[in-house]
Asker: 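Got a structure here, written out as structure tokens. Questions coming.
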Amino acid sequence: MRKVMEAYLFGQVLGTHSFLLKGGFLQPDEYSEIKDQYFLPGGETGTAATVLDSLGVSVRMDGTWIGTEVAPMLKAFYEKKNVDLSLLNFVEDDKGVMDYVVIAGLVRSPMGRFQTLFSSGKRWWSVPKKEDIAGCKVAAIDPFFGSETLLAAELCQKLGVPYVTIDSPHDSPLHKNSAINVVSKECTSQHYKGMSAEEIMKLMQAESEGLTIITQGGGEMLYGRKGGKIHRMKPFSVEVRSTLGAGDTFKAGCVYGLLHKMSDEKLVRFASACSGIAISRFPLPLNPPKLEEVQNLIKTLGSEK
């Protein structure tokens with residue numbers, strides 16, 4: 001009998017090659033020294049799974065198909081973790097989806113072949129099934145996989161499983177039916193150019209009963225619900241070593257807060273603390289935030305609204 005897991009995660013699971021530079025960021029025609037480099041699980045879902053496991057939440061991952069180069073690393077990494085990989089489709093005719101990220105403090109540049117993959121006309125991710133979500137208490141759904149993404153959301157609705165999503169526009173079904181939608185600065189710049197964060201938040205609030213959180217990098221976060229006020233909170237001030245995985249860790253913190261029925265304010269603060277710890281270390285998959293660390297950061301530094 002399959003073990004019941006607390007969280008179901010559907011989305012991007014990758015092999016990430018990360019390179020932390022010793023000096024500043026890459027410059028044309030100039031040499032750069034690599035300080036550290038790793039090949040570890042990545043992607044919005046892969047990173048969130050790693051963080052949730054570290055916080056004590058059992059996870060079932062679903063989404064990206066895993067190829068021959070990614071599979072051994074992924075299986076070895078999660079072997080002793082409470083993360084179920086049984087839904088992942090391991091293929092033998094492809095190396096698997098990977099990205100490459102160059103990092104120098106606050107600056108990073110990801111590279112990959114996602115435009116080619118998405119324009120291929122072929123599906124390279126799984127189809128969610130009702131039985132895979134049933135029994136889970138919460139879910140997280142990445143917005144990248146078209147009809148399969150919407151199917152995951154529909155199944156969660158039918159089963160009464162609340163879900164967290166990311167970067168979903170105000171008029172999308174994914175936002176309208178979400179328990180939490182975390183909207184990044186990248187998303188607002190792409191979909192709401194020229195609009196203020198307050199204007200975007202009002203659009204978001206009007207279309208969903210769930211909690212909308214707008215993050216702005218190191219700037220003030222906005223959060224609120226339909227018919228309610230727009231609340232604000234400053235992120236935690238920490239020394240930044242790498243921003244890789246910061247947003248994915250924030251999402252994981254939201255899943256944890258949803259699972260434990262936190263108030264909106266406590267949930268946003270908890271997610272922010274998770275993200276704060278994440279950006280203070282590298283590589284994140286080998287040093288994910290632990291629950292005690294998150295609680296201590298909240299206790300010692302607090303977070304101004």
Side-chain angles (χ1 to χ4, degrees), residues 5 7-16 41-52 59-67 70-71 74 78 83-91 93-99 110-134 136 138-159 161-184 186-187 190-191 208 210 245 247-252 254-255 258:
M5 310 300 273
Y8 170 83
L9 273 56
F10 181 79
Q12 291 276 23
V13 184
L14 316 173
T16 293
E44 288 81 355
T45 284
T47 302
T50 300
V51 172
L52 284 167
V59 175
R60 174 168 296 126
M61 278 203 297
D62 197 1
T64 316
W65 290 353
I66 308 301
V70 178
L74 208 67
Y78 289 112
V83 178
D84 178 12
L85 306 182
S86 64
L87 301 185
L88 297 180
N89 182 21
F90 292 90
V91 298
D93 59 350
D94 191 273
K95 290 182 179 180
V97 182
M98 291 176 277
D99 62 357
M111 299 173 288
R113 296 186 174 88
F114 294 99
Q115 291 179 0
T116 301
L117 283 167
F118 279 112
S119 63
S120 68
K122 298 179 181 178
R123 179 169 54 83
W124 40 277
W125 54 85
S126 301
V127 178
K129 296 181 178 63
K130 184 177 180 179
E131 59 266 28
D132 297 331
I133 303 173
C136 294
V138 293
I141 304 172
D142 292 345
F144 313 120
F145 294 153
S147 59
E148 284 72 34
T149 291
L150 296 179
L151 175 59
E154 289 169 9
L155 291 173
C156 283
Q157 279 184 273
K158 289 178 181 178
L159 292 165
V161 177
Y163 68 84
V164 177
T165 191
I166 56 173
D167 290 347
S168 296
H170 70 284
D171 56 354
S172 68
L174 204 58
H175 168 69
K176 292 179 179 182
N177 298 307
S178 66
I180 303 171
N181 183 14
V182 184
V183 184
S184 69
E186 181 181 0
C187 177
Q190 179 182 352
H191 293 282
S208 175
D248 308 332
T249 302
F250 191 99
K251 178 180 79 171
C254 290
V255 173
L258 183 62

Asker: Should Met98 and Val70 count as side-chain neighbours, where that means a heavy-atom distance under 4.5 Å?
Answerer: yes
Asker: Can you name the residues that form a salt bridge (charged side-chain N to carboxylate O under 4.0 Å, His left out) with Lys176, not counting sequence neighbours?
Answerer: Glu207
Asker: I'd like to know whether CD of Glu186 has more than 12 heavy-atom contacts from other residues, nucleotides or ligands below 6.0 angstrom.
Answerer: no
Asker: Which heavy-atom pair separates Val255 from Ala7 by the least distance, and what is that distance?
Answerer: CG1-CB, 4.3 Å
Asker: Please name the pair of heavy atoms, one in Ser178 and one in Ser208, separated by the smallest distance, quoted to 0.1 Å.
Answerer: O-OG, 3.8 Å
Asker: Going from CD1 on Ile66 to CG on Leu88, what distance comes out if it is rounded to the nearest 0.5 angstrom?
Answerer: 5.0 Å
Asker: Please report the closest heavy-atom contact between Ser168 and Asn181, naming both atoms and the distance.
Answerer: O-ND2, 2.8 Å
Asker: Taking all heavy atoms of Ala48 and all of Ala252, pick out the closest pair and write down the distance.
Answerer: O-CB, 3.8 Å
Asker: Name each donor-acceptor pair under 3.5 Å that joins a side chain in residues 144-153 to protein atoms two or more places apart or in another chain, with its distance.
Answerer:
residue	atom	partner	partner atom	Å
Glu148	OE1	Trp125	NE1	2.9
Thr149	OG1	Asp142	O	3.3
Thr149	OG1	Phe145	N	2.9

Asker: Using modelled atom types and a 3.5 Å cut-off, is there a donor and acceptor pairing between side-chain atoms of Thr64 and backbone atoms of Gly11?
Answerer: yes
Asker: Determine, step by step, whether Ile133 and Tyr163 satisfy the side chain to side chain contact (heavy atoms under 4.5 Å, CB included) criterion, reporting the C-alpha distance in whole Å, the side-chain angles of both residues, the deciding distance to 0.1 Å, and the verdict.
Answerer: CA-CA 11 Å; Ile133 303 173; Tyr163 68 84; over 6 Å; no
Asker: Once you round to the nearest 0.5 Å, how far does CG of Asp62 lie from OH of Tyr8?
Answerer: 3.5 Å
Asker: Rounded to the nearest 0.5 Å, how far does CG of Asp132 lie from CE of Met61?
Answerer: 13.5 Å
Asker: Considering non-hydrogen atoms only, spot the tightest contact between Thr16 and Gly43 and give its length.
Answerer: OG1-N, 4.1 Å
Asker: Which value, rounded to the nearest 0.5 Å, describes the distance between Leu85 atom CG and Phe90 atom CZ?
Answerer: 5.5 Å
Asker: List the steps, then state whether side chain to side chain contact (heavy atoms under 4.5 Å, CB included) holds for Ile166 with Phe250.
Answerer: CA-CA 10 Å; Ile166 56 173; Phe250 191 99; over 6 Å; no
Asker: Taking only residues two or more places apart in sequence, or in another chain, which ones meet His191 in a ring-ring contact (aromatic ring centres under 6.0 Å, His included)?
Answerer: none
Asker: Answer yes or no: is there a donor N or O on one side and an acceptor on the other, between the side chain of Thr165 and the main chain of Ile141, under 3.5 Å?
Answerer: yes
Asker: Within a reach of under 6.0 Å around CZ of Arg113, are more than 12 heavy atoms found that belong to other residues, nucleotides or ligands?
Answerer: no
Asker: Measuring from Glu154:CD to Leu174:CG, what's the distance to the nearest 0.5 Å?
Answerer: 10.5 Å
Asker: Drop me the distance from Gln12's CD to Thr47's OG1, to the nearest 0.5 angstrom.
Answerer: 10.5 Å
Asker: For the pair Lys251 (side chain) and Glu44 (backbone), establish whether a donor and an acceptor sit closer than 3.5 Å, ignoring hydrogens and angles.
Answerer: yes
Asker: With side chain to side chain contact (heavy atoms under 4.5 Å, CB included) as the test, would you mind laying out the steps for Ser126 and Leu87 before giving the verdict?
Answerer: CA-CA 8 Å; Ser126 301; Leu87 301 185; 5.9 Å; no
Asker: Is there a side chain to side chain contact (heavy atoms under 4.5 Å, CB included) between Trp65 and Val97? Walk through the geometry before answering.
Answerer: CA-CA 8 Å; Trp65 290 353; Val97 182; over 6 Å; no
Asker: Give a yes or no answer on whether the side chain of Asp167 reaches the backbone of Ser184 with a donor-acceptor pair at less than 3.5 Å.
Answerer: yes
